[in-house]
Amino acid sequence: MDELFVPALLSLLVASLGAILGLPIAIAVGHRLVRTRGVMRVALSSFVLLPLALPPVVTGYLLLLLLGRRGLLGPVLEPLGIRIAFSTTGAVIAGLVVGLPLYIVAARRAFEEVDPALVEVARSLGRTRAQVFREIELPLARRGLAAGAVLAFGRALGEFGATVVLAGDVAGRTRTIPLAVYAALSRPGGEGTALTLALVSVGLSVLALALHELLASARSR
Amino acid sequence: MTLAFDLRFSIGERVLHAKLSTSASRIAIVGASGVGKTTLLRAVAGSLEGVHGTLSVRDVIFLEGVEVRVPMERRRIGWVPQDARLFPHLSVRENVAFAADGPVDHLTSALALDRLLDRRPGALSGGERQRVAIARALAARPKLLLLDEPLSALDRPSRADLARVLESERERLGALVMLVSHDEADVAALADEIYALDETGTLAKR
């Protein structure tokens, strides 16, 4: 049973943490994108959307070059006791990064949909930019942000390539459902496990997408 | 001077140069649709980008050249925008109290909002929304009321009632009024001086 439960729970954990930790990033970048114009907007937008276009294996490799033990930030992370390779932290980071573009696009749309006249009125009534953000823009964007969180969650659930490259395949630590399906298919007699895991994966994904649809339609009403 | 400005701003490709100096407390801006009346209000409010020139209200300089001396949030404005623009996620009560400086009961009863206090803007009629927008602006105890077609969604008898409420509150607060309206009766009830705005920004006193 552990072959089924542990990857399923790990997938849920990794995807949930990705959605939670990605929220402030999606809010900050999505909001900034609405206010940025011209070349800066194109540059920022291309950079944050990059993981959407890159093969996940390449995203994982780039993350490894950045965060791995011998990576750019390795010497900073190691003394802090943060280990990326073969750790759940690595799986969370991989899931978060591949889910971020969808999250940010959803956040940008949510902020774009806030009527600029409401921001003006709130400012004229004595609120600073930061207060208007907190009291008007954020509450009005919340459904769109929630829809983005669900999309990012769904994307992280399906993450394989970046996770394998960055965090490796370790049962109980980094072996989420996709990795467990691959591992089961790679050994003789593993088809049954693979099929059950595939069904669990389909169920979770359908749930996430249905929730996204519900949030999206509630927003347009 | 109660209100004086000499402002340059643009609407798309069109550059406007609006100049006015008055000691009246209540002025109205009239003119054809799309000429820039709302944009002029936004320039005075401080929410329009790319405005330069001078702007002073009761001899306090808000803008000088491109330097904003008093930012929008400190101009003590009571803005009633076209179409009310209430905060959709807040109840009527919360909208009115948004910038309230003290109790607002007298306003909600004068504007007949008492039975609507727990409703959200989405559940209000156009006229009700305008009354809430007026209450929200007055509750901030403004020194400058910017009224953009504030009574347009109301029927004739309600307009006269509301104009009376607006005027008595304005007097109590000692606020200036800058009104934009297409309606002759509203202009007559709410303004002492009338200026016609043309597409170059010129304001001609009527």
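What's counted below: heavy atoms across the whole structure, side chains too, no hydrogens, waters or symmetry copies. We name chains A, B, ... by the order of the sequence lines, and we start the count at 1 in each one.
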Step through the atoms of chain B and chain A and list each donor-acceptor pair whose separation is under 3.5 Å.
residue, atom, partner, partner atom, Å
B/R42, NE, A/E120, OE1, 3.1
B/R42, NE, A/E120, OE2, 3.0
B/R42, NH2, A/E120, OE2, 2.5
B/S47, OG, A/E120, OE1, 3.3
B/E73, OE1, A/R123, NH1, 2.7
B/R85, NH1, A/D115, OD1, 3.1
B/R85, NH1, A/D115, OD2, 2.5
B/H89, NE2, A/E135, O, 2.9
B/F98, O, A/R127, NH1, 3.0
B/F98, O, A/R127, NH2, 2.6

ask   = Pairs in or reaching into residues 4-31 of chain A: which pass salt bridge (Lys or Arg N to Asp or Glu O under 4.0 Å), with residues at least two apart or in two chains?
value = none
key: All ring-ring contact (aromatic ring centres under 6.0 Å, His included) counterparts of B/F5, not counting sequence neighbours   = none
query = Given a strict heavy-atom distance threshold of 4.5 Å, which part of B/L146 is in contact with chain A: side chain, backbone, both, or neither?
reply = neither
request  = Would you name the heavy atoms of B/I77 and A/L125 that are closest together and state the gap between them?
outcome  = O-CD2, 4.0 Å
ask   = Quick one: of B/A137, B/A139, B/P88, B/G78, who has the most non-hydrogen atom pairs under 4.5 Å with chain A?
value = B/P88
Indicate every side-chain donor-acceptor pair of residues 25-32 of chain B with a distance under 3.5 Å to a residue at least two apart or in another chain.
residue, atom, partner, partner atom, Å
B/R26, NE, B/D192, OD1, 3.2
B/R26, NE, B/D192, OD2, 3.3
B/R26, NH1, B/E167, OE1, 3.0
B/R26, NH1, B/A189, O, 3.2
B/R26, NH2, B/D192, OD1, 2.8

ask   = At a heavy-atom separation under 4.5 Å, does B/A45 approach chain A through its side chain, its backbone, both, or neither?
value = neither
Nearest non-hydrogen partners of B/F87 and A/L118, listed with the distance = CE2-O, 3.5 Å
